[in-house]
Amino acid sequence: MADAVRHDLVVRARRAWVDGVWREASVSVRDGRVVAIGGLTDEVDATVDVTLPDEQVLLPGIVDSHVHVNEPGRTEWEGFATATRAAAAGGVTTIVDMPLNSIPPTTTVDALEQKRAAAGPQSVVDVGFWGGAIPANLGTGDLRALHEAGVFGFKAFLSPSGVDEFPHLSTEQLHQAMAELAVFDGLLIVHAEDPDGLDAAAASPTEVPAAGGAAYDAFVRSRPDVVERTAIEQVVDALRATGGRAHVLHLSSATALDTIHAAKAEGLRLTVETCPHYLTFDAEHIGDGATQFKCCPPIRGEANRELLWQALVDGTIDVVASDHSPSTRELKFAGGPDAAHGDFDVAWGGISGLELSFRAVWTGARQRGIPLEAVVGWMSRGTAALVGLPTKGRISVGADADLVAFAPETPVTIDVDDLSHRNPVTAYDDARLFGEVAATWVGGRLAGPSAPPARLLVRPDTGVAS
């Protein structure tokens, strides 16, 4: 029996993923935390008492550790208001914002404070922040200052990022950054593509046939598997030399899996993510000019996709995050003959998928006989552990009351005009996915336009108030 104190919320479900098992449960919430978990019919005095219909299950909120919000500076691409509404609509209760493509990028504490000021009054889900490691802030004290201010780690590119204000690190600078972060055990998260390999592919007429920029197969060949594999080998070498921690972002090439597996077996502190679009789409079904599918590294072939799924199941890949990287329609279809076809040489590279990421991965898992709880592990518990948020990613007494009512067997055909992110373009337009998010609670509050702003997060070990 619950205590006599009035609770803010109780959610009752015939199937709830509680403490790593499916069970009937009533989840009681007070002051933003789960305070009791009882049976379905327990009497609880609560301000709001919700019973989910039988087709819905209760899940912990998704933690998306890879989101480009782009505000301030490029708010016309996205922004905290639209990004966090999209997150809530997709069952995502926490996002961690990338240090680019905002202006200024989050490479100093002052820039972090500008991000926090923009996010604070607008965000309907909890928001944390990555810092950036660029040549100009190595050895300056900025990385430690950002760490002490509560960022969750530091993003670095090993090849050009696509925006001038966030330059990439050379191999020497990669070692320098990792050594600097190792002093305070900071996490380096890496866009791993080798620039020399990219240059070689661009210079090779046998590798990249002239295609006027429209052909998707030419785009894939311009960023071959070896480019990812070589860069990941450089990250492993830096880990071995410094004893640091690193996370490989958006793995697309299965040819790097042996390197990753060997590094983990060696005891190096390496984690790896892939993304919903690499698990959903394949190069064989992407048409010429379909630049809504352009991302870097690219979506590769069907056989490669299946190897990524296997690597998730066997633990070689640790987590899945959206890499939501939106832009305006004009940038996304730049260079094309009309408003719905672009030039892969000049169109912006990034997939808009924050609202759909969880459902897309669940749809693929369902097709392969992988249980829903495995997807929750990759996209909620695993991502929460990656960024060091022990009160998220689970339904347990003492955890944050970030909850999602989800109908896993409901089919949905995606219409881009129904989505919440700012610009109406996505690779998932007209896709048939499974799963409907019926309700999302962030800290026990129903997420929506009338909800008060959610929290700005810092690493729990900083002592900085959120």
Side-chain angles (χ1 to χ4, degrees), residues 32 61 63-88 92-134 136-137 140-156 163 165-166 181 184 186-189 321-326 354 383-384 386-392 400 402 421-422 442-443 445 447 449 451-466:
V63 176
D64 194 333
S65 54
H66 192 156
V67 178
H68 293 266
V69 178
N70 306 328
E71 186 177 9
R74 291 189 174 97
T75 309
E76 71 275 14
W77 293 17
E78 186 60 278
F80 285 100
T82 50
T84 59
R85 284 201 299 268
V92 177
T93 54
T94 300
I95 65 170
V96 188
D97 172 64
M98 284 289 163
L100 74 164
N101 302 295
S102 57
I103 302 174
T106 315
T107 55
T108 65
V109 172
D110 179 67
L112 173 64
E113 291 308 315
Q114 291 183 56
K115 274 278 185 83
R116 291 174 65 87
Q122 302 185 75
S123 300
V124 299
V125 304
D126 288 351
V127 180
F129 302 91
W130 296 109
I134 61 174
N137 71 355
T140 64
D142 284 328
L143 299 185
R144 181 181 280 277
L146 280 163
H147 179 79
E148 292 173 353
V151 300
F152 288 89
F154 298 86
K155 170 76 172 285
V163 292
E165 63 274 6
F166 203 96
L181 296 181
F184 49 85
L187 175 65
L188 189 69
I189 64 173
S322 72
D323 190 10
H324 178 68
S325 185
L354 176 57
T383 44
L386 170 71
V387 298
L389 290 173
T391 61
K392 294 190 179 293
D400 288 357
D402 298 342
H421 64 258
R422 184 177 297 273
V442 180
R445 301 171 304 186
R455 295 187 303 159
L456 302 183
L457 304 175
V458 297
R459 285 189 348 276
D461 61 346
T462 63
V464 178
S466 61

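Nearest heavy atom pair, residue Ile95 against residue Ala87, reads CG2-CB, 4.1 Å. Nearest heavy-atom pair, Leu188 versus Ala133, reported as atom, atom and distance to 0.1 Å: CD1-CB, 4.2 Å. Residues Pro121 and Pro453 approach most closely at O-CG, 3.8 Å, considering heavy atoms. Between Gly61 and Thr93, the closest heavy-atom pair is CA-OG1, 3.3 Å. Across every non-hydrogen atom of Gly120 and Leu456, the tightest pair is CA-CD1, 3.8 Å. Of all the heavy atoms in Val151 and Gly131, the pair that sits closest is CB-N, 3.7 Å.
Residues satisfying the side chain to side chain contact (heavy atoms under 4.5 Å, CB included) criterion with Ser123, sequence neighbours excluded, are Phe80, Thr84, Ala119, Val127. Qualifying side chain to side chain donor-acceptor pair (under 3.5 Å) partners for Glu113, counting only residues two or more places apart in sequence or in other chains: none. Partners of Phe129 under the ring pair (Phe, Tyr, Trp, His ring centres under 6.0 Å) rule, at least two apart in sequence or in another chain, do not exist in this structure. Considering only residues two or more places apart in sequence or on other chains, Ala321 meets the side chain to side chain contact (heavy atoms under 4.5 Å, CB included) condition with Asp64, Ser65, His66, Glu273. Not counting sequence neighbours, the partners of Glu165 by the salt bridge (Lys or Arg N to Asp or Glu O under 4.0 Å) test are Arg74. Residues that satisfy the side chain to side chain contact (heavy atoms under 4.5 Å, CB included) test with Asn137, not counting sequence neighbours, are Thr107, Ile134, Thr140, Asp142, Leu143. Trp77 pairs by the ring pair (Phe, Tyr, Trp, His ring centres under 6.0 Å) definition with Trp348, not counting sequence neighbours. Take Lys115 and apply the side chain to side chain donor-acceptor pair (under 3.5 Å) test, not counting sequence neighbours, and it matches Asp97, Ser102, Thr106. Arg445 pairs by the side chain to side chain donor-acceptor pair (under 3.5 Å) definition with nothing, not counting sequence neighbours.
Atoms CD and CZ, on Glu76 and Arg422 in that order, are 8.5 Å from each other to the nearest 0.5 Å. To the nearest 0.5 Å, atoms CD (Glu71) and CD1 (Ile103) are separated by 12.5 Å. Here CG of Leu146 is found 10.5 Å from CG of Leu181. Values are rounded to the nearest 0.5 Å.
Ring-plane geometry between Phe152 and Trp130 is classed as perpendicular, the angle between the planes exceeding 60 degrees on a 0 to 90 degree scale with a lower cut at 30.
Taking 4.5 Å as the limit, some side-chain heavy atom of His147 sits within range of a side-chain heavy atom of Phe154. Residues Asp400 and Thr94 fail the side-chain proximity criterion, which asks for heavy atoms closer than 4.5 Å.
The salt bridge (Lys or Arg N to Asp or Glu O under 4.0 Å) contacts involving residues 77-86 comprise nothing, where partners must be two or more places apart or lie in separate chains. Screening residues 120-129 for salt bridge (Lys or Arg N to Asp or Glu O under 4.0 Å) gives Asp126-Lys392, Asp126-Arg455 as the qualifying pairs, with residues at least two apart or on separate chains.
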Next item on the list: Start with the C-alpha distance between Asn70 and Thr75, add both sets of side-chain angles, then the distance that settles side-chain contact (heavy atoms from CB on, under 4.5 Å), and finish with yes or no.
Entry: CA-CA 6 Å; Asn70 306 328; Thr75 309; over 6 Å; no
Item checked: Check against side-chain contact (heavy atoms from CB on, under 4.5 Å), Val63 and Asp402 -> CA-CA 10 Å; Val63 176; Asp402 298 342; over 6 Å; no
Checklist line | Stepwise side-chain contact (heavy atoms from CB on, under 4.5 Å) check, Met98 with Ile189 | finding: CA-CA 10 Å; Met98 284 289 163; Ile189 64 173; 3.6 Å; yes
Next item on the list: Take Arg116 and Val458, measure what side-chain contact (heavy atoms from CB on, under 4.5 Å) needs, and give me the verdict at the end.
Entry: CA-CA 11 Å; Arg116 291 174 65 87; Val458 297; 3.8 Å; yes
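A donor-acceptor distance shorter than 3.5 angstrom exists from the side chain of His324 to the backbone of Leu354, with no hydrogens or angles considered. Remark: the backbone N or O of Gly79 is paired with a side-chain donor or acceptor of Thr82 at under 3.5 angstrom. For the pair Ser325 (side chain) and His68 (backbone), a donor-acceptor distance under 3.5 Å is absent.
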